[in-house]
Amino acid sequence: MQIIINDRKEIENRLYVFPNSALKEQNKKINYFSFLSSTKEKNCIAAMEYVEQHYEEEAIRKIINEAPISDVKKNSIF
């Protein structure tokens, strides 16, 4: 995990390349980033707007900082 954190390309791969959803389009697992950045699904767009409006970074940071996980994992989140 520490190697990934220190390598921008590895971080980008894990954000944009590797994670695929269990959801499928044309019998192929979709990529989260591709789907979310190009979707025309109104319910999905509304949900993303809701999250954006209600996102509280400090509250999330507090939860992560209090979680019983290693500092490496905590640092990999932000």
Side-chain angles (χ1 to χ4, degrees):
M1 190 172 281
Q2 189 66 51
I3 292 168
I4 294 166
I5 293 169
N6 293 333
D7 186 336
R8 184 71 186 163
K9 183 71 175 163
E10 289 298 322
I11 292 171
E12 289 176 0
N13 281 339
R14 279 150 182 83
L15 291 171
Y16 307 118
V17 179
F18 298 144
N20 286 322
S21 169
L23 301 174
K24 295 180 179 182
E25 284 184 340
Q26 300 173 351
N27 210 28
K28 184 178 177 187
K29 288 184 176 183
I30 63 171
N31 176 276
Y32 292 112
F33 179 77
S34 296
F35 177 80
L36 293 173
S37 62
S38 66
T39 188
K40 304 287 188 245
E41 296 288 331
K42 290 181 179 166
N43 288 336
C44 185
I45 294 168
M48 288 189 296
E49 288 171 348
Y50 177 87
V51 170
E52 181 181 38
Q53 292 168 3
H54 294 87
Y55 175 79
E56 294 182 33
E57 185 174 334
E58 286 307 312
I60 293 170
R61 283 185 185 276
K62 183 178 186 300
I63 291 168
I64 292 167
N65 286 330
E66 293 173 358
I69 58 176
S70 72
D71 286 344
V72 171
K73 288 183 180 179
K74 289 177 185 179
N75 293 333
S76 72
I77 297 170
F78 285 105

For atom [atom1] of [X], is the number of surrounding heavy atoms from other residues, nucleotides or ligands below 6.0 Å larger than 12?
| X | atom1 | result |
| --- | --- | --- |
| Glu12 | CD | yes |
| Gln2 | CD | yes |
| Asn6 | CG | yes |
| Glu10 | CD | yes |
| Phe18 | CZ | yes |

Compare all side-chain heavy atoms of [X] with those of [Y] and state whether any distance is below 4.5 angstrom.
| X | Y | answer |
| --- | --- | --- |
| Lys29 | Leu23 | no |
| Ile45 | Thr39 | yes |
| Ser76 | Met1 | yes |

As an exercise, state the distance from [atom1] of [X] to [atom2] of [Y], rounded to the nearest 0.5 Å.
| X | Y | atom1 | atom2 | result |
| --- | --- | --- | --- | --- |
| Phe33 | Ser38 | CZ | OG | 9.0 Å |
| Lys28 | Ser21 | NZ | OG | 13.0 Å |
| Lys74 | Asn65 | NZ | CG | 6.0 Å |
| Met48 | Glu41 | CE | CD | 10.0 Å |
| Lys73 | Ile5 | NZ | CD1 | 10.5 Å |
| Ile69 | Ile64 | CD1 | CD1 | 7.0 Å |

Shared hydrophobic cluster for Val17 and Tyr32 (ILVMFWY, side-chain gaps under 4.5 Å):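 Hydrophobic grouping puts Val17 apart from Tyr32.
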
Spell out, as yes or no, whether a donor-acceptor pair under 3.5 Å connects the side chain of Asn31 to the backbone of Tyr16. yes

Mind running salt bridge (charged side-chain N to carboxylate O under 4.0 Å, His left out) on Lys62 and Glu58 for me, showing each step along the way? CA-CA 6 Å; Lys62 183 178 186 300; Glu58 286 307 312; over 6 Å; no

